[in-house]
Peer 1: 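I am attaching a structure below and will ask some questions about it afterwards.
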Amino acid sequence: VRTALLYLSLIGSPVLPLLSKDGDVMIGGAFSIHSKIAQPSLSFTEKPTPFTCSRYYNFEEFRFAQTMIFAIEEINKSKHLLPNVSIGYRIYDNCGSTLSSMRAVMALMNGDELLIEKNCSGQSAVHAIIGESESSSTIVLSLHSLLEVSPSRLQISHSATCECLSSRKEYPSFFRTIASDLHQSRALAQLVKHFGWTWVGAVNSDSDYGNNGMAIFLSAAQEEGVCVEYIEKFDRAEPEKLLKVVEVIRKSTARVIVAFLAHVEMNNLLEQLNVHNITGRQFIGVEAWITADSLVTPTSFSVLGGSLGFAVQKTNISGLNTFLVKDFWETDFQCEENHIDVASKSCKENQDLMKLRDYNDDVEELRYSSNIYKAVYAVAHSLHSIMKCSDSQGCDKTSEVIEALKQVNFIIKNGEQVWFDSTGAVLARYEVVNWQQRSIGSVHFEPVGYYDASLPPGQKFVLNTELPVSVCSESCRPGTYKVLERGKPVCCFHCLPCPDGEISNSTDSNDCNQCPEEYWSNQIRDACVPKNVEFLSYTEDMSKILMFFTLFGVVLTVTVAVLFLINRDTPLVKANNSELSFLLLFSLSLCFLCSLTFIGRPTEWSCMLRHTAFGITFVLCISCILGKTIVVLMAFKATLPSSNVMKWFGPVQQRLTVLSLTLIQVIICILWLTINPPFPFKNMKIFREKIILECSLGSSLGFWAVLGYIGILAVLCFVLAFLARKLPDNFNEAKFITFSMLIFSAVWITFIPAYVSSPGKLTVAVEIFAILASSYGILFCIFAPKCNCKTHLHSL
């Protein structure tokens, strides 16, 4: 076997690295800087032609190579980490092919020399390999047969997440600066459950990465109660299977698709979905493709818009961006595009890399580069820990790199702590990102949450938003209720505001609830609040105006009474029956004052007082006027010969008449208060949104009996005064009484319809107005003519 290996090495040509630099310690790198490879035909009759990489670049993989060089140069400049020891690198481009990956790992083991008369089982040309990006290619680099040739060589991957690589028995020298898919797959199930999606489809790459990741997801989804309609898989080299997957997606009823795909497979699926115009699906992605800039095309957002998935956190390493866009091209790749003919052989072979020089759009969105940075530093720290290092003597090399790497625990310059668990992986930390469109053709990967395995249960998975919106109709907020759209599914509905007096205090309510009788809905219809209680209070402007005219009427009445008292011995006062006049003025004062009982919050006593006081005082007033009218008639009858009628209606009879007429009203009021008195009442029928606090009449018959009795006396007084209006006498006040009763009757006849039709507290205001108007009418019609001219009081 050894002879065969030796013979093959002699006739073969060494594979040169894409980028390299010598050093005391060598680190290898394997990245897919070109995304495809042109494989030669294998006829087995002639020597195969060399593999040729395509001209399609994977910019992200090229950044990995640059970041590896950046970290190595940073360590070489350090005085504390591996002092007096330089680290070199050999970086190979495997062009996205596992076959090319095999060639790269053989070259990293053997170096550039033609191994004539040498033992192939010697020390590897590199102490560690950084890469690969995909799990399947990583497994190729970690094959047992290769590990036995070089047991001291370790491999650290920055993005190989397959759970199958966690086996320390099969892959004892494999480490990774990214978490295993065990965490991501379980987090995917939690993400789906969070949005209430219980009916999903699943598509995965037919590879170690896709198959293992999907298996973990399906197990976790079953635990979360999520049902999977279909499970489809395909490989990037199987276009027939891809078309079958597209057809399954097109016919499925599940609108949510969990895509556990590598970047290449996702790109192939996206192309076919665009071709077949399949949109309206909600994709749930994984770190392999969810933030891939290469998937962003003018048409991709129609398919992937709103996608959610887990992504590696963004790179935040000071100095890296400047190195990627400037320092690398000036120091590590000193090739000028205009002088490529006179440049070195390396520049001539890699002149196509010059095309990447001016591409800087991806620098701010780099994510996996931090994993490359941590991997290089992890190798350096492990080498440092197993070497006897001092500033003066340097380091003595040993071969315990793998064991030392298991113990490393350091903090990089951005403050992040790096250490490996028992499976050789780092702690699981992801961002939850959402595909959002800022402008036409511009897609932004918006962070909307995170997953951190280091946090306690219940805090590991957090979403900061309720995106994405994937509903037929927006949820109905509290204060509204759902009305289904005719001819559409139950998830399509209109949101209508609750009617007045009804509320809904939950989202997506099917109906509204009636508020209790004394409560009303607030402005947004999500809570019942006490109704406003309304009554004619003393603080209102209307009440103040009515009180002013009340007190003004009292003052006028008292003034007239004082004038009459001062001039009580004049013929005018004597002729107008001074006793009844004073009693009339007194009753008018009470009529004015009784209107005050109608203002203020109704109580049990105020309700009884206002109507009875009104009834009795007005009867007293009308009785006095009736008495004066009868006196006028009797007085003129007495002037006739042989008439002694005045002896039948003298002062005693006048008093008894007023007393008896008033007593009848008192009896009516007593019966009213005894049988069914007025009481405070919350009227909620006139206005639904407020309570009118008023005095209920109790017995309507009692109220109309009081009012009717006043009306009978007023009509009787009006008739008698009308009959006596033309009697000849300077002191005849019958015509004034006629006018006063006419006004009185007009006011109260108008009052009835106004009282019935006035809403709320206006009813009380109308009643007060009627009291004041009729009182002023009597006062002015009867007493104003007597006070108009001073000569009437003295000369007549």
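These numbers come from the heavy atoms of this one structure, side chains and all, not from hydrogens, waters or symmetry mates. This one's a predicted model, so the numbers in the text were calculated from it and none came from an experiment. Numbering of residues begins at 1 and proceeds along the displayed sequence.
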Peer 1: For Lys413, does the NZ atom have more than 12 heavy-atom neighbours from other residues, nucleotides or ligands under 6.0 Å away?
Peer 2: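 Enclosed.
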Peer 1: Return all side-chain donor-acceptor pairs below 3.5 angstrom for residues 373-382, not counting sequence neighbours, or 'none' if the list is empty.
Peer 2:
from, atom 1, to, atom 2, distance (Å)
Tyr373, OH, Glu74, OE1, 2.4
Lys374, NZ, Glu416, OE2, 3.0
Tyr377, OH, Glu74, OE1, 2.7
Ser382, OG, Ala378, O, 3.3
Ser382, OG, Val379, O, 2.7

Peer 1: State plainly whether the residues Arg367 and Glu287 are in salt-bridge range, i.e. N to O under 4.0 Å.
Peer 2: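 No, this pair does not count.
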Peer 1: Does Ile290 offer a backbone N or O that forms a donor-acceptor pair with the side chain of Trp435 under 3.5 Å?
Peer 2: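 Checked: pair present.
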Peer 1: Could you walk me through whether Asp181 and Phe217 pass the side-chain contact (heavy atoms from CB on, under 4.5 Å) test, one step at a time?
Peer 2: CA-CA 9 Å; Asp181 280 332; Phe217 167 75; over 6 Å; no
Peer 1: Any side-chain heavy-atom pair from Trp329 and Gln66 closer than 4.5 angstrom?
Peer 2: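 Sidechains of Gln66 and Trp329: in contact.
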Peer 1: Do Arg90 and Tyr92 come within less than 4.5 Å of each other through their side chains, counting heavy atoms only?
Peer 2: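 Heavy-atom side-chain distance check passes, below 4.5 Å.
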Peer 1: Determine whether a donor-acceptor pair (N or O, by modelled atom type, separation under 3.5 Å) exists between the side chain of Arg168 and the backbone of Phe174.
Peer 2: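 Confirmed, Arg168 side chain pairs with Phe174 backbone.
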Peer 1: Partners of Tyr450 by side chain to side chain donor-acceptor pair (under 3.5 Å), sequence neighbours excluded?
Peer 2: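 With sequence neighbours excluded, Tyr450 shows a side chain to side chain donor-acceptor pair (under 3.5 Å) to no residue whatsoever.
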Peer 1: So do Val433 and Leu308 actually touch side chain to side chain, heavy atoms under 4.5 Å?
Peer 2: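 Sidechains of Val433 and Leu308: no contact.
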Peer 1: Run the salt bridge (charged side-chain N to carboxylate O under 4.0 Å, His left out) test against Arg176 and tell me which residues pass, sequence neighbours left out.
Peer 2: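 Result, salt bridge (charged side-chain N to carboxylate O under 4.0 Å, His left out) vs Arg176: none returned.
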Peer 1: Main chain of Ser32, side chain of Glu61: is a donor-acceptor contact present, judged purely on distance under 3.5 Å?
Peer 2: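 Such a contact is found between Glu61 side chain and Ser32 backbone.
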Peer 1: Closest approach of Gly213 and Phe260, non-hydrogen atoms and distance?
Peer 2: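 Looking at all heavy atoms of both residues, the closest pair is CA-CZ, 3.5 Å.
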Peer 1: Quick check: Phe31 with His158 (ring centres under 6.0 Å apart)?
Peer 2: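 They qualify: ring centres under 6.0 Å apart.
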Peer 1: Tell me every residue that passes side chain to side chain contact (heavy atoms under 4.5 Å, CB included) with Ile216, counting only those two or more places apart in sequence or in another chain.
Peer 2: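 In terms of side chain to side chain contact (heavy atoms under 4.5 Å, CB included), with neighbours along the sequence ignored, Ile216 is linked to Glu163, Leu182, Ser185, Arg186.
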Peer 1: Could you tell me whether Asp22 atom CG has more than 12 heavy atoms of other residues or ligands within 6.0 Å of it?
Peer 2: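 Incorrect, the count does not exceed 12.
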Peer 1: Got a second to check how far Lys406's NZ is from Trp419's CH2, nearest 0.5 Å?
Peer 2: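 So the gap between those two atoms works out to 15.0 Å.
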Peer 1: Trp289 and Ala259: which non-hydrogen atoms are nearest, and at how many Å?
Peer 2: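 So the two residues come closest at NE1-O, 3.0 Å.
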Peer 1: Return yes if some donor-acceptor pair links the side-chain N/O of His127 with the main-chain N/O of Val25 below 3.5 Å, else return no.
Peer 2: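 Pair absent, no side-chain N/O of His127 close to backbone of Val25.
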Peer 1: Check the pair Phe175 / Ile402 against side-chain contact (heavy atoms from CB on, under 4.5 Å), numbers first and verdict last.
Peer 2: CA-CA 9 Å; Phe175 294 82; Ile402 296 175; 4.1 Å; yes
Peer 1: Enter the distance from Ile91:CD1 to Leu18:CG here, rounded to the nearest 0.5 Å.
Peer 2: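 These two atoms lie 7.5 Å from each other.
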Peer 1: Can you sort out the partners of Asn212 under side chain to side chain contact (heavy atoms under 4.5 Å, CB included), two or more places apart, ordered by chain and number?
Peer 2: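 Partners of Asn212 by the side chain to side chain contact (heavy atoms under 4.5 Å, CB included) criterion, ordered by chain and then number, come out as Cys162, Cys164, Asp208.
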Peer 1: Does the side-chain contact (heavy atoms from CB on, under 4.5 Å) test come out yes or no for Leu165 and Glu170, once each step is laid out?
Peer 2: CA-CA 8 Å; Leu165 290 166; Glu170 296 183 30; over 6 Å; no
Peer 1: Which atom pair, heavy atoms only, marks the closest approach of Ile317 to Ser370?
Peer 2: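 Shortest heavy-atom separation between Ile317 and Ser370 comes out as CD1-CA, 4.0 Å.
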Peer 1: Are any side-chain N or O atoms of Ser135 and backbone N or O atoms of Tyr209, one a donor and one an acceptor, separated by less than 3.5 Å?
Peer 2: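 No, because the side chain of Ser135 does not come within donor-acceptor range (under 3.5 Å) of the backbone of Tyr209.
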Peer 1: Under 4.0 Å between a side-chain nitrogen and a carboxylate oxygen: does that hold for Arg429 and Asp452?
Peer 2: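 Counted as a salt bridge, because a side-chain N and a carboxylate O are separated by less than 4.0 Å.
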Peer 1: Can you name the closest pair of heavy atoms from Ala404 and Ile386 and give their distance?
Peer 2: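 Minimum heavy-atom contact is CB-CG2, 3.1 Å.
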Peer 1: Nearest 0.5 Å please: distance from the OG atom of Ser159 over to the CD atom of Glu60.
Peer 2: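 Output value for this atom pair is 7.5 Å.
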Peer 1: Are Ile411 and Val418 close enough that some pair of their side-chain heavy atoms sits under 4.5 Å apart?
Peer 2: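 When only atoms from C-beta onward are counted, Val418 and Ile411 do not touch, as no gap falls below 4.5 Å.
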Peer 1: Rounded to the nearest 0.5 Å, how far apart are NE2 of His384 and CG of Leu82?
Peer 2: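 Going from the NE2 atom of His384 to the CG atom of Leu82 covers 6.5 Å.
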Peer 1: Drop me the distance from Ser133's OG to Phe64's CZ, to the nearest 0.5 angstrom.
Peer 2: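 That separation rounds to 5.0 Å.
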Peer 1: I need the His263 NE2 to Ser294 OG distance, nearest 0.5 Å.
Peer 2: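 It is 2.5 Å, given to the nearest 0.5 Å.
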Peer 1: Side chains of Phe62 and Asp93: closer than 4.5 Å at any heavy-atom pair?
Peer 2: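 Heavy-atom side-chain distance check fails, nothing below 4.5 Å.
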Peer 1: So, for Phe461 and Val432, which heavy atoms are closest and what is the spacing to 0.1 Å?
Peer 2: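 So the minimum-distance heavy-atom pair works out to CE1-CG2, 4.0 Å.
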Peer 1: Looking just at side-chain N and O atoms, do Thr161 and Gln184 make a donor-acceptor pair shorter than 3.5 Å?
Peer 2: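 No.
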Peer 1: Is any NZ, NE, NH1 or NH2 atom of the basic residue among Lys233 and Glu238 found under 4.0 Å from an Asp or Glu carboxylate oxygen of the other?
Peer 2: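 The answer is no: the pair does not qualify as a salt bridge.
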Peer 1: Take Tyr430 and Gln313 through the side-chain contact (heavy atoms from CB on, under 4.5 Å) test and state the conclusion after the steps.
Peer 2: CA-CA 6 Å; Tyr430 300 103; Gln313 294 176 324; over 6 Å; no
Peer 1: With side chains defined as the heavy atoms from C-beta onward, is the minimum distance between Val408 and Leu405 less than 4.5 Å?
Peer 2: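 Contact flag for Val408/Leu405 side chains = yes.
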Peer 1: Do the side chains of Tyr451 and Glu431 get nearer than 4.5 Å, heavy atoms only?
Peer 2: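 No, every pair of side-chain atoms sits at 4.5 Å or beyond.
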Peer 1: Under the side chain to side chain donor-acceptor pair (under 3.5 Å) test, which residues partner Asp293, sequence neighbours left out?
Peer 2: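 None.
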Peer 1: Is there a side-chain contact between Leu427 and Asp421, using heavy atoms and a 4.5 Å cut-off?
Peer 2: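 Result no, sub-4.5 Å side-chain heavy-atom pair not found.
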Peer 1: Among Ile372, Leu324, Thr291, find the residue that satisfies the side chain to side chain contact (heavy atoms under 4.5 Å, CB included) test when tested with Leu366.
Peer 2: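 Running side chain to side chain contact (heavy atoms under 4.5 Å, CB included) over Ile372, Leu324, Thr291 with Leu366 returns exactly one hit, Leu324.
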Peer 1: Does one side chain, of Asn76 or Ser86, offer a donor that lies under 3.5 Å from an acceptor on the other?
Peer 2: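 Judged by distance alone, the side chains do not pair up.
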Peer 1: Quick one: closest heavy-atom pair of Ile27 and Ile130, and the distance?
Peer 2: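 For Ile27 and Ile130, the tightest heavy-atom pair comes out as CG2-CG1, 3.7 Å.
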